[in-house]
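The block underneath contains the structure these notes are about, expressed in structure tokens.
What's counted below: heavy atoms across the whole structure, side chains too, no hydrogens, waters or symmetry copies. Quick note on labels: first sequence line is chain A, next is B, and so on, each numbered from 1.
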2 protein chains.
Amino acid sequence: MELNDKQIQILETAEKLFSENGFDGASVRQIAKAAEVNIAMISYYFGSKEKLLESLFLYRMSDFKMQLESVISKNTSYIETLDAIIALIVKRVHRNRRTHKIINFEYSNSCRQIDFESYLEQKKENLKVIETFVKNGQKEGVFIKNVNINLLTPTILGTYFHFYYNKKYYKTLLNLEDDNSIEQYVHNELTHHIQNTVKALLTYDK
Amino acid sequence: MELNDKQIQILETAEKLFSENGFDGASVRQIAKAAEVNIAMISYYFGSKEKLLESLFLYRMSDFKMQLESVISKNTSYIETLDAIIALIVKRVHRNRRTHKIINFEYSNSCRQIDFESYLEQKKENLKVIETFVKNGQKEGVFIKNVNINLLTPTILGTYFHFYYNKKYYKTLLNLEDDNSIEQYVHNELTHHIQNTVKALLTYDK
DNA sequence: AATTAATTTAAACAAACGTTTAATTTAAAC
DNA sequence: GTTTAAATTAAACGTTTGTTTAAATTAATT
């Protein structure tokens, strides 16, 4: 699917408003006005409000596998590669946080008829890469064996999203005044914390 | 604020529908019908839809501090107490997961005028208890010093909520057919994983 | 039993919702 | 330059939204 400039403009405006106000909270009129297009253009290009959301998923959730494989192929030590994988995941999820928020919310319930295939596909690839990586590390004796690999992703992404969902709270707690210092904190302290967490979990022998 | 049976009935129905369909996705008519009361009763008892939500927060977010202090006062070893604290937090957050979902979503943005004080109060108490507990453990030499205490809660709650938000996905991944086996998994594997994670993080010397 | 207060109801309110229409403007192809 | 296709528009479609009203019913008080 090739998108022209106006379609992209609509998608990115919709992403912002869906994530801020929810799928039901953001109206088609509101999106059209913010994107500076006529209301009818949304039906014209995407068909419906729901299909607009699906187009957003496709727009945001592609090309993840390639990035991951590029990091793995660097062939440094297991610990260094682990750090790099987590830094990549946090960076990507932070960039796409708005779409992830919509998905987190809509996927966890929704009597709606929305196609989440592109998201689930990425989740499976994510898990597969981490699984084979950890199992190789376990064979080499770098990582311990007593760990639930399926729950590593919840720990990595969950930590990030709890921080993001409570940004206002952590802003005052950590004295992060402007948006720039939040960016800094995410890419330094928060990323390091998640790296430490996973490294600890994979090397700690209770 | 004392609530009668009908008010509680409305609150718990609203909790279910808000968490399933979002604050905007769940209509007052839908809530009234599901709670088997007349539409006007909601305005009559709570004033407005937004105030209904605030009443729900108060209804769900009380008496947390007491439970935590009770666990701490047991006075077992640091590791055992840590396990107990995390088991309590997971249990509580799992019981109130629907309200937490609404909060996660609405608090992270909302141009709306909603009062989150009862939630923030609990968050601060949560942090304070964990902070003094960990610092005591550090003084005793049980826990390492190189850890970001502010980010422990994101790791604990975030792991749980990422699992919850992707329940459908983990249901198929982990072969958890019925709701009962999910309950089991949360209180066993998931809780253990979070306990291991925090213990590892607090004792792992990189 | 009479009176006051609290509860419950159906109906109505204006406003906003997602989508469609049919007419008009712009761009592309010949 | 004419014709065909694509893009854009304002207006209207029928529903649904949260809230209010004023009347009717039930419960509590005197």
Side-chain angles (χ1 to χ4, degrees), chain A residues 1-59 99 102 105-106 109-115, chain B residues 1-59 99 102 105-106 109-115:
Chain A
M1 186 179 184
E2 322 115 34
L3 300 166
N4 61 40
D5 289 359
K6 197 149 274 187
Q7 285 172 306
I8 289 175
Q9 195 180 349
I10 294 171
L11 278 180
E12 295 189 347
T13 309
E15 179 184 46
K16 181 174 181 293
L17 293 175
F18 282 156
S19 76
E20 284 177 358
N21 308 324
F23 182 75
D24 290 295
S27 73
V28 175
R29 277 174 179 78
Q30 193 184 0
I31 294 167
K33 191 172 186 181
E36 292 176 310
V37 299
N38 188 280
I39 321 168
M41 292 305 288
I42 288 174
S43 293
Y44 178 72
Y45 275 133
F46 299 98
S48 70
K49 195 184 179 187
E50 298 205 355
K51 281 181 189 161
L52 170 65
L53 182 59
E54 287 178 16
S55 297
L56 177 61
F57 293 164
L58 283 169
Y59 177 59
T99 296
I102 306 166
F105 193 79
E106 294 296 333
N109 218 290
S110 94
C111 352
R112 259 186 281 274
Q113 210 65 21
I114 293 173
D115 182 27
Chain B
M1 185 178 185
E2 322 115 33
L3 300 166
N4 61 40
D5 289 358
K6 196 151 274 187
Q7 285 172 306
I8 289 175
Q9 195 180 349
I10 294 171
L11 278 180
E12 295 188 347
T13 310
E15 178 184 46
K16 181 174 181 292
L17 293 174
F18 281 156
S19 76
E20 283 176 358
N21 308 324
F23 182 75
D24 289 294
S27 73
V28 176
R29 275 175 180 77
Q30 193 185 359
I31 293 167
K33 191 171 186 180
E36 292 177 309
V37 299
N38 188 279
I39 322 168
M41 292 305 288
I42 288 174
S43 293
Y44 177 72
Y45 274 132
F46 299 98
S48 69
K49 194 185 179 186
E50 298 205 354
K51 282 181 189 161
L52 169 64
L53 182 59
E54 287 178 17
S55 297
L56 176 60
F57 293 164
L58 282 169
Y59 177 59
T99 295
I102 306 166
F105 193 80
E106 294 297 331
N109 219 290
S110 94
C111 353
R112 258 186 281 273
Q113 211 65 20
I114 293 172
D115 182 26

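Expressed to the nearest 0.5 Å, how far CG of B/D24 lies from CZ of B/R112 amounts to 4.5 Å. To the nearest 0.5 Å, the span separating OG on A/S55 from CD1 on A/I8 amounts to 11.5 Å.
Among the atoms of the strands shown, only primed sugar atoms or phosphate atoms (P, OP1, OP2) are found under 4.0 Å from some heavy atom of B/S27. Within 4.0 Å of B/A32, counting heavy atoms only, lies no atom of the nucleic acid at all.
With hydrogens and angles ignored, the 3.5 Å screen pairs no side-chain donor or acceptor of B/E20 with any backbone N or O of A/N109.
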Worksheet item: Quick one: what's the B/S/- string for nucleotides 6-15 of chain C, heavy-atom cutoff under 4.0 Å, read 5' to 3'?
Response: SBBBB-B---
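A/Q113 and A/E54 get closest at one heavy-atom pair: O-OE2, 3.6 Å. Pairing each heavy atom of A/I10 with each of A/F46, the nearest pair is CG2-CE1, 3.7 Å. Taking all atoms of both residues into account, the shortest heavy-atom contact from A/I39 to A/V28 is CG2-CG1, 3.9 Å. Closest approach of A/F105 to B/N21, counting heavy atoms only: CE2-C, 4.3 Å.
Under the 4.5 Å side-chain criterion, counting only non-hydrogen atoms from C-beta, B/T99 is not in contact with B/F18.
Under the Watson-Crick or G-U wobble criterion, with both distances below 3.5 Å, D/dA10 is paired with C/dT21.
Following rounding to the nearest Å, A/D24 (CG) and C/dA16 (P) show an atom-to-atom distance of 17 Å. One can place CD1 of A/I31 at 14 Å from C1' of C/dA16, the figure rounded to the nearest angstrom.
You can see that DNA chain D meets the heavy atoms of chain A within a 4.0 Å-exclusive cut from D/dA6 to D/dA12, reading 5' to 3'.
Nearest-nucleotide positions on DNA chain C for A/S43 and A/Q30 put A/Q30 closer to the 5' end.
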